[in-house]
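Please see the structure below; I have some questions.
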Amino acid sequence: MRTSTLIRRFLPYYRKYRKTLLFDLFCAAFTTVCDLFLPMIVRRITNVALSPEGPAQLLPGFVLRIGAFYLILRIVDALANYYMQSVGHIMGSKLETDMRSDLFHHLQQLSFGYFSQTKVGQIMSRITSDLFEVTEFSHHCPEEFLIAGVKLVVSFVLLVRMNPVLTLLMFAVIPLMVWAARHYNRKFREAFKARNRQVGEINAQVEDSLLGIRVVKSFANETIEEEKFRAGNEHFLTLKAVSYRYMAEFGTCTRVFDGLMYIIIVVAGALFIHNGTLSVPDFTAYLLFAQVLLAAIRRIVEFVEQFQRGMTGIERFFEIMDAPEEIQDRPGAATLSDVKGEVTFDHVTFHYSDDDTEILHDLSLTVRPGQSVALVGPSGSGKTTFCNLIPRFYDVSGGRILVDGHDVRDLKQQSLRRAIGMVQQDVYLFSGTVMDNILYGLPGATREQAMEAAKLAGAHDFIKMLPQGYDTYVGERGVRLSGGQKQRISIARVFLKNPPILILDEATSALDNESEHLVQQSLEQLAQGRTVFTIAHRLTTIRRADVIFVLTEKGVEEMGTHEELMHRGGLYAHMYDMYTTDQAPEGNRPETSERS
């Protein structure tokens with residue numbers, strides 16, 4: 001994005017703090033005026049001193065008045081600088097906080113598709129380190145440019161009245177500095193963007209390695225992980241070195257221009273003094289003004305790195321903010337209420353946005369309220385995709401999905417998803433206590449309700465045996481619990497939510513036989529009067545389903561109860577025979593299928 005575009009989009013964040021910003025800029029302007037007063041005071045004293053009656057006019061009263069005036073300026077300057085350093089920095093931090101809140105809110109609205117294509121480490125880099133750079137940029141950028149602008153304009157106005165020619169010669173160097181800044185601006189942006197991107201890659205690699213630390217250690221592959229980290233770290237060093245070389249080149253250019261400006265003042269000033277067109281006090285003032293101007297320009301040069309880091313952070317911020325919210329509520333979307341649980345797939349076709357391969361093709365079926373539905377089929381047949389379309393985690397590519405006769409795209413997402421409970425194959429527990437994770441299913445529920453849900457999920461007994469019971473800290477992603485324990489807690493969350501539609505994606509896959517039996521009993525109890533979709537590879541767990549849909553790449557290949565499908569002798573019967581044969585103990589495998 002162009003710098004002007006980024007700044008224009010960033011400016012609205014100042015709106016809440018415009019009064020603070022204006023006073024901060026007023027303080028910056030005042031500190032600049034204080035700097036500009038010194039050359040004029042020195043010029044005034046020098047003029048008096050070089051006059052025929054100079055020594056007689058430099059009376060203590062005159063000198064003390066000037067000293068007192070300058071002392072007052074410096075006291076006010078110190079107070080203004082304190083405001084800039086404290087309140088100004090706090091304003092920058094508030095801007096950073098607002099942007100981070102907006103970014104997190106937007107991330108919550110993005111669809112599954114975005115997160116399947118973006119590394120979490122990259123997102124974390126943008127929401128933390130990139131926005132920290134924005135804090136410094138948002139505070140210092142207006143100040144530095146205002147200070148430089150005031151110094152340039154005021155100095156030019158004052159100096160051109162002393163000697164227009166020398167002033168124009170002196171200021172002729174500034175366009176060369178501007179050209180150098182523009183030349184290196186693009187290089188800085190590219191270097192800092194590559195650097196920040198690599199920080200995200202390092203974060204992603206560290207996250208991947210630490211979250212998979214058990215796998216790393218089980219294969220004794222610590223050396224491999226260290227080598228991957230070393231390669232990424234060395235690449236970051238290379239990118240950082242490039243940015244510093246650009247900074248060194250730019251800094252060298254500005255030092256050359258510094259020297260050129262002083263040479264012009266010294267040489268041309270001496271000639272003008274010789275010609276009688278420039279007085280010694282004015283020459284002294286020129287040297288002091290040059291020092292003030294060059295100090296301002298050096299600050300801008302030093303700020304260039306910070307400026308580009310800030311612009312890079314803003315650009316990476318807007319790259320995420322510009323990511324489209326693929327799943328949005330339509331204008332006038334209705335609120336789903338009094339849910340019965342009827343779900344209809346009406347000629348549904350689906351493929352992912354970045355892949356034209358169809359996962360579901362022209363799928364049509366209707367699930368009546370309160371039915372227990374099982375979905376089986378070969379891996380990749382679209383069972384999980386089928387279930388992800390019901391709560392509208394993705395939008396269908398063709399056709400429509402109806403809940404109680406309402407197209408899910410015409411419903412508010414929150415009301416739709418509140419009516420659906422999911423226990424997914426990949427169990428996720430948040431960092432916190434067992435109770436925190438169960439209450440996540442229904443914020444505002446009581447502790448007693450959460451405990452009752454845990455009992456229904458078959459989790460209460462093992463929770464009581466934990467060190468602090470329901471207040472036991474589960475660790476990041478529930479690392480302190482076994483797979484079966486995590487699964488039962490996640491099921492308890494759904495019991496607490498008590499939705500009219502349930503989606504169980506391998507809900508009992510991590511449970512032992514005893515726990516699975518307990519949970520199956522609880523699920524059957526919960527399923528009374530509710531619509532339940534079950535995805536299961538353990539085919540013995542779905543024998544009591546009201547209807548079983550066998551999905552293949554052709555769509556619904558078979559449909560019926562377990563007994564009907566076994567009697568038919570088709571794909572389901574074949575899958576069931578293979579499963580029961582594989583599960584039977586050696587020497588005790590059935591010679592005939594259940595169909596006989």
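Only heavy atoms go into these numbers, but all of them, side chains included; no hydrogens, no water, no symmetry mates. Numbers here simply count residues along the sequence, with the first being 1.
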A quick test of your reading: do over 12 heavy atoms of other residues, nucleotides or ligands sit less than 6.0 Å from CZ of Arg195?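 For Arg195, atom CZ is crowded (more than 12 foreign heavy atoms under 6.0 Å).
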
- [ ] Please confirm whether Phe386 and Phe345 have ring centers closer than 6.0 angstrom.
- [x]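 That pair passes the under 6.0 Å test.
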
Atom CG in Asn498, atom CG in Leu456: separation rounded to 0.5 Å?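 Rounded to the nearest 0.5 Å, the CG-CG separation comes to 9.0 Å.
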
Restricting to ring pair (Phe, Tyr, Trp, His ring centres under 6.0 Å), what partner residues turn up for His406, sequence neighbours left out?
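Checked His406 against ring pair (Phe, Tyr, Trp, His ring centres under 6.0 Å); zero matches.
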
**Asked** side chain to side chain contact (heavy atoms under 4.5 Å, CB included) with Ile327: which residues, sequence neighbours excluded?
**Response**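 Counting only residues at least two positions away or on another chain, Ile327 forms a side chain to side chain contact (heavy atoms under 4.5 Å, CB included) with Ser111, Arg392, Asp395, Gln413, Arg417.
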
| Glu564, Glu558, His562 screened by side chain to side chain donor-acceptor pair (under 3.5 Å) with Tyr572, the one that passes |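 Of Glu564, Glu558, His562, side chain to side chain donor-acceptor pair (under 3.5 Å) with Tyr572 is met by His562 alone.
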
inquiry  = Please confirm whether the ring centroid of Phe10 lies under 6.0 Å from the ring centroid of Tyr14.
reply    =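 Yes: the rings meet the under 6.0 Å criterion.
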
**Item:** From Thr472 atom OG1 to Leu466 atom CG, the distance as rounded to the nearest 0.5 Å
**Value:**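 CG of Leu466 is found 4.5 Å from OG1 of Thr472.
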
Q) Counting heavy atoms not belonging to Phe104, are there more than 12 under 6.0 Å from its CZ? A)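 No, because the 6.0 Å sphere around CZ of Phe104 holds 12 heavy atoms or fewer from other groups.
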
Query raised in the report: To the nearest 0.5 Å, how far apart are CG in Asn196 and CD in Gln122?
Result: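 Between Asn196 CG and Gln122 CD, I get 9.5 Å after rounding to 0.5 Å.
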
- Taking atom CG of Asp404 and atom CG of Leu336, what is their separation to the nearest 0.5 Å?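 Asp404 CG to Leu336 CG: 6.0 Å, rounded to 0.5 Å.
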
- Message: Given 3.5 Å as the limit, does a donor-acceptor pair link the side chain of Gln328 with the main chain of Glu325, or not?
- Response: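 Checked: pair present.
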
| field | Closest contact, heavy atoms only, Asp577 versus Met566 | value |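 So the two residues come closest at OD1-CE, 4.0 Å.
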
Donor-acceptor contacts, no H, no angles, side chain residues 1-8, under 3.5 Å, sequence neighbours left out:
residue, atom, partner, partner atom, Å
Thr3, OG1, Arg189, NH2, 2.7

| request: Measure the acute angle between the ring planes of His460 and Tyr470, then classify it against the limits of 30° and 60° as parallel, tilted or perpendicular. | output: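 Correct class here is tilted.
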
Before accepting this row, confirm whether a basic side-chain N of the pair Arg316/Asp130 lies closer than 4.0 Å to the acidic partner's carboxylate O.
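Salt bridge present between Arg316 and Asp130.
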
Does Phe132, at its CZ atom, have more than 12 non-hydrogen atoms belonging to other residues, nucleotides or ligands within less than 6.0 Å?
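Not buried by this count: 12 neighbours or fewer within 6.0 Å.
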
